Novice: 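Next up is a structure, given as structure tokens.
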Amino acid sequence: MTLSETGLRVLAAAVLVLLYAAMCAAIWWRERRQRMRARQEAAALTSAREGALPLLVAYASQTGQAEELARETARLLHTAGESVHLCALDAVDADLLARTQRALFIASTYGEGDPPDNAALFLAHAMADARPLSHLQYGLLALGDRQYAQFCGFGRALDSWLRAGGARPWFERIEMDNGAPQALTAWQHQLTQISSLGDMPAWEQPVFSEWTLAARRHMNPGSAGEPVFHIELQPPATEAALWESGDLAQVCIPADPQHPREYSIASIAQDGCVHLLVRQARREDGSPGLASGWLTQGAPLGAAITLRLRAHRNFRLEDNLQRPLVLIGNGTGLAGLRSHLRARAAAGLGPNWLLFGERQRAHDGYCEAEVSGWLAAGKLQCADFIYSRDQARRRYVQDALREAAEPLRGWIADGAVLYVCGSADGMAAGVDAALADILGATAVEDLIVEGRYRRDVY
Ligand SMILES: Cc1cc2nc3c(=O)[nH]c(=O)nc-3n(C[C@H](O)[C@H](O)[C@H](O)COP(=O)(O)OP(=O)(O)OC[C@H]3O[C@@H](n4cnc5c(N)ncnc54)[C@H](O)[C@@H]3O)c2cc1C
Ligand SMILES: Cc1cc2nc3c(=O)[nH]c(=O)nc-3n(C[C@H](O)[C@H](O)[C@H](O)COP(=O)(O)O)c2cc1C
């Protein structure tokens, strides 16, 4: 017996409806799990001592290191019996500060001495408030890197503001230069002092494992820029490698195991491998950068690469999974955007708009084939490639954004979220200025508050 044409159509429609229902159920289940996890974390931290005012642990963090230390700090204090309230600095307002008697701040610095994105509103609002803080005792760990002129600029500004308001430090500000372990030891020591609850349980150390360098492809032969490589790393057989689009891989290299380097992951867990896009850095003396040189040239195929996956909550899709997505980036910034596009394509979600900048199409058009495929398959609705050197006058992503002001306003009105990935100075600062001009500074602030403007810039 053969099915009639109508029967086949009905069957196909039924299969489609079933597939759609299964996808909705998977999304609902995943969001429910995320909400439950957040509730459990909050409840676990606040219930320790009934009636006690919780100790505030607030973090200002761009790529998650300060956040990771804050989470570990909160976990340890909670295990030691403290009631803890853990949150990003932007979630702390003048009223919460007025109610708080004890606080720990863990703050990194970005840009040129600026706060990370999740502390920008705290700087603009809470720190503009001159209410007295004499009821507050606090400790502060500032993260930074001495290679920047404004070492720990934001941590220092926060400390000065707290002191000026009359808040009383438990101890002198601790400054951590590029992850230096001595600063962490000093911080742990201070935690045992302020919690006055005996010995602290052991601090959980980040766990690295050995991945295999499985593939490496030179993406931009003949480029006027430094070479970019697509790299594939296979997880250890014993490890269930799980990450979300937007996360980071931290790589330890033999020449400098004390200072791991961050790379944006360009693939999703379903790919089975971590993909990276690595540009060979060139040092002042002409030698290749230590980590990028090792990954792109020094390590032979099959070599063991010491790596750990790092949650990058500021750049994950999370609640934005089902909103329209505007992805903006340049160069190796494609990595973070590609992981989101792959996640959206796998879930069949849209609409998506990519604005991507490189130098010359002839040599740096490494993402065009994949992007054309997504366009043809309806996984991507708009793609703008901006090649700065393909015309007499230099033209960048931020210029294209200004030219697309009208459609951008429309996407934002429809609830779109912005994800920016790539160079901090050359691109992200220009994009930020263009957004302020197109949408207005207040609208950009609102997008930050709503978690609709996310950045992975370096
Ligand atoms: C969030 C984030 C995401 C990133 N994503 C990508 C990406 O997707 N692709 C990409 O190509 N790059 C990415 N980078 C840049 C990357 O992490 C490296 O900085 C880059 O590859 C250059 O590193 P290198 O070791 O090759 O260069 P090097 O010049 O050897 O080192 C770069 C930096 O490492 C530190 N350093 C080097 N040597 C020492 C030392 N002896 N002691 C102390 N510190 C030292 C310094 O801060 C130095 O500026 C990202 C950076 C960040 C922060
Ligand atoms: C683009 C960029 C700009 C930075 N600017 C500064 C700076 O001005 N001063 C400083 O001390 N550290 C600076 N840093 C270093 C960070 O503060 C440091 O890496 C910190 O550990 C990051 O913590 P996070 O992951 O919590 O954001 C910068 C890092 C990057 C990638």
Side-chain angles (χ1 to χ4, degrees), residues 59-71 88-89 106-119 141-157 175-180 183-184 219 225-231 246-267 274-298 310-315 329-339 420-429 455-458:
Y59 54 86
S61 179
Q62 188 70 34
T63 64
Q65 287 169 33
E67 180 177 344
E68 209 168 63
L69 294 180
R71 282 179 187 277
L89 201 53
I106 304 180
S108 73
T109 292
Y110 260 72
E112 292 298 330
D114 303 325
D117 288 347
N118 67 7
L141 173 64
L143 273 62
D145 186 329
R146 282 199 191 277
Q147 299 199 16
Y148 290 90
Q150 307 293 325
F151 175 57
C152 290
F154 177 63
R156 289 178 182 183
E175 295 184 337
M176 181 185 269
D177 177 20
N178 200 2
L184 191 57
M219 305 298 282
E226 297 296 340
V228 170
F229 289 81
H230 176 107
I231 285 170
D247 283 351
L248 297 166
Q250 208 173 40
V251 176
C252 260
I253 45 164
D256 188 9
Q258 296 304 314
H259 298 105
R261 311 287 199 267
E262 311 282 355
Y263 293 93
S264 314
I265 300 178
S267 54
V274 155
H275 297 189
L276 305 179
L277 276 179
V278 180
R279 190 182 297 275
Q280 251 175 38
R282 188 95 11 223
R283 302 180 132 202
E284 269 170 24
D285 63 3
S287 63
L290 291 181
S292 58
W294 164 247
L295 286 169
T296 60
Q297 180 177 309
R310 236 163 49 72
H312 191 189
R313 290 186 178 80
N314 279 351
F315 201 67
N330 71 338
T332 51
L334 178 68
L337 308 181
R338 182 179 185 262
S339 71
V420 181
C421 192
S423 67
D425 297 337
M427 186 267 311
R455 304 196 308 163
D456 171 7
V457 297
Y458 44 90

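Nothing here was measured: the structure is a model prediction, and the numbers come from that model. Indexing begins at 1, ligand by ligand and atom by atom, following the structure's order.
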Novice: Do Ser292 and Phe229 have side-chain heavy atoms sitting under 4.5 Å apart?
Specialist: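 Not in contact.
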
Novice: Using distance alone, with no hydrogens and no angle criterion, decide if Asn330 and Ser423 have a side-chain donor and acceptor under 3.5 Å apart.
Specialist: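 Ser423 and Asn330 do have a side-chain donor-acceptor pair below 3.5 Å.
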
Novice: Under 4.0 Å from atom 38 (N) of ligand 1, can you find at least one protein heavy atom?
Specialist: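 When distances to the protein are checked, atom 38 (N) of ligand 1 has a heavy atom within 4.0 Å.
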
Novice: Indicate yes or no: does an N/O atom of Ala291 lie under 3.5 Å from an N/O atom of ligand 1?
Specialist: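 For ligand 1, there is an N or O atom that lies under 3.5 Å from one belonging to Ala291.
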
Novice: So, Ser339 side chain and Gly246 main chain: donor-acceptor pair closer than 3.5 Å or not?
Specialist: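 At least one qualifying donor-acceptor pair exists.
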
Novice: Within the structure provided, determine whether Leu184 and Met176 are in side-chain contact (heavy-atom separation under 4.5 Å).
Specialist: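 Heavy-atom side-chain distance check passes, below 4.5 Å.
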
Novice: Does His312 use its side chain to pair, donor to acceptor, with the backbone of Gln62 at less than 3.5 Å?
Specialist: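 Here the side-chain-to-backbone pair exists.
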
Novice: Hey, which residues fall under 4.0 Å of ligand 2 on heavy atoms?
Specialist: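 Answer by chain and number: Ser61, Gln62, Thr63, Gly64, Gln65, Ala66, Ser108, Thr109, Tyr110, Gly111, Glu112, Gly113, Leu143, Gly144, Asp145, Tyr148, Gln150, Phe151, Cys152, Ala424, Tyr458.
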
Novice: With side chains defined as the heavy atoms from C-beta onward, is the minimum distance between Gln150 and Asp114 less than 4.5 Å?
Specialist: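 No - every pair of side-chain heavy atoms lies 4.5 Å or more apart.
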
Novice: Enumerate the atoms of ligand 1 whose separation from the nearest heavy atom of Asn178 is less than 4.0 angstrom.
Specialist: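 What qualifies from ligand 1 is 43 (C), 44 (N).
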
Novice: What I want to know is whether Tyr110 and ligand 1 share at least one N or O pair that is separated by under 3.5 angstrom.
Specialist: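 N/O-N/O distance below 3.5 Å does not exist for this pair.
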
Novice: Leu89 and Ala119: which non-hydrogen atoms are nearest, and at how many Å?
Specialist: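 Taking Leu89 first and Ala119 second, the nearest heavy atoms are CD2-CB, 3.9 Å.
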
Novice: Which residue owns the protein heavy atom closest to atom 29 (O) of ligand 1, what's the atom, and how far is it?
Specialist: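 Of the protein heavy atoms, Arg283 NE, 3.2 Å lies nearest.
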
Novice: Which is closest to atom 18 (C) of ligand 1 by heavy-atom distance: Tyr263, Tyr458, Trp294?
Specialist: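 Heavy atom nearest to atom 18 (C) of ligand 1 belongs to Tyr263.
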
Novice: Please could you name the atoms of ligand 1 that Asp256 approaches to less than 4.0 Å, counting only its heavy atoms?
Specialist: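 Near Asp256, the atoms of ligand 1 are 38 (N), 39 (C), 40 (C), 41 (N), 45 (C).
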
Novice: For the backbone of Ala60 and the side chain of Asn118, can you confirm whether one donor and one acceptor N or O come within less than 3.5 Å of each other?
Specialist: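 Flag not set: sc Asn118 to bb Ala60 has no pair under 3.5 Å.
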
Novice: For Leu276 versus Ala249, what's the shortest heavy-atom pair and its separation?
Specialist: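 Smallest heavy-atom distance, with atoms named: CD2-CB, 4.1 Å.
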
Novice: N/O to N/O below 3.5 Å, does that happen between Leu248 and ligand 1?
Specialist: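 There is no such contact.
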
Novice: State, yes or no, whether a side-chain contact exists between Phe151 and Arg156 at a heavy-atom distance under 4.5 Å.
Specialist: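 Contact flag for Phe151/Arg156 side chains = yes.
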
Novice: I need the minimum non-hydrogen distance between Ser61 and Asn314, along with the two atoms involved.
Specialist: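 That closest heavy-atom pairing would be O-ND2, 2.8 Å.
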
Novice: Return the residue, atom name and 0.1 Å-rounded distance of the protein heavy atom closest to atom 9 (N) of ligand 1.
Specialist: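 Ranked first by proximity to atom 9 (N) of ligand 1 is Leu277 O, 2.8 Å.
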
Novice: Taking distance alone, with N or O pairs closer than 3.5 Å, would you say Leu290 contacts ligand 1?
Specialist: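 There is such a contact, yes.
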
Novice: If you take the nearest heavy atom of each of Gln147, Arg310, Glu262, which one is closest to atom 17 (O) of ligand 1?
Specialist: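 Minimum heavy-atom distance to atom 17 (O) of ligand 1 goes to Glu262.
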
Novice: Tell me which one of Gln62, Arg261, Glu226 gets a heavy atom nearest to atom 25 (O) of ligand 1.
Specialist: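 The nearest heavy atom belongs to Arg261.
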
Novice: Out of all atoms in ligand 1, which are within 4.0 Å of some heavy atom of Asp145? Include the element for each.
Specialist: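 Answer for ligand 1: 47 (O).
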
Novice: What protein heavy atom lies closest to atom 27 (O) of ligand 1? Include the residue and the distance to one decimal.
Specialist: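 Going atom by atom, the protein heavy atom closest to atom 27 (O) of ligand 1 ends up being Gly289 CA, 3.4 Å.
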
Novice: Minimum heavy-atom separation for Thr109 and Cys152, please, with both atom names.
Specialist: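 Where Thr109 meets Cys152 most closely, the heavy atoms are OG1-C, 3.3 Å.
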
Novice: Among protein heavy atoms, which sits nearest to atom 26 (O) of ligand 1, and what does the distance come to when rounded to 0.1 Å?
Specialist: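 Ranked first by proximity to atom 26 (O) of ligand 1 is Ser292 OG, 2.6 Å.
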
Novice: Ligand 1 and Thr63, any nitrogen or oxygen pair closer than 3.5 angstrom?
Specialist: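 In this structure, Thr63 places no N or O atom under 3.5 Å from an N or O of ligand 1.
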
Novice: So which atom in Ser264 and which in Cys421 form the shortest heavy-atom distance, rounded to 0.1 Å?
Specialist: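 Minimum heavy-atom contact is OG-SG, 4.2 Å.
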
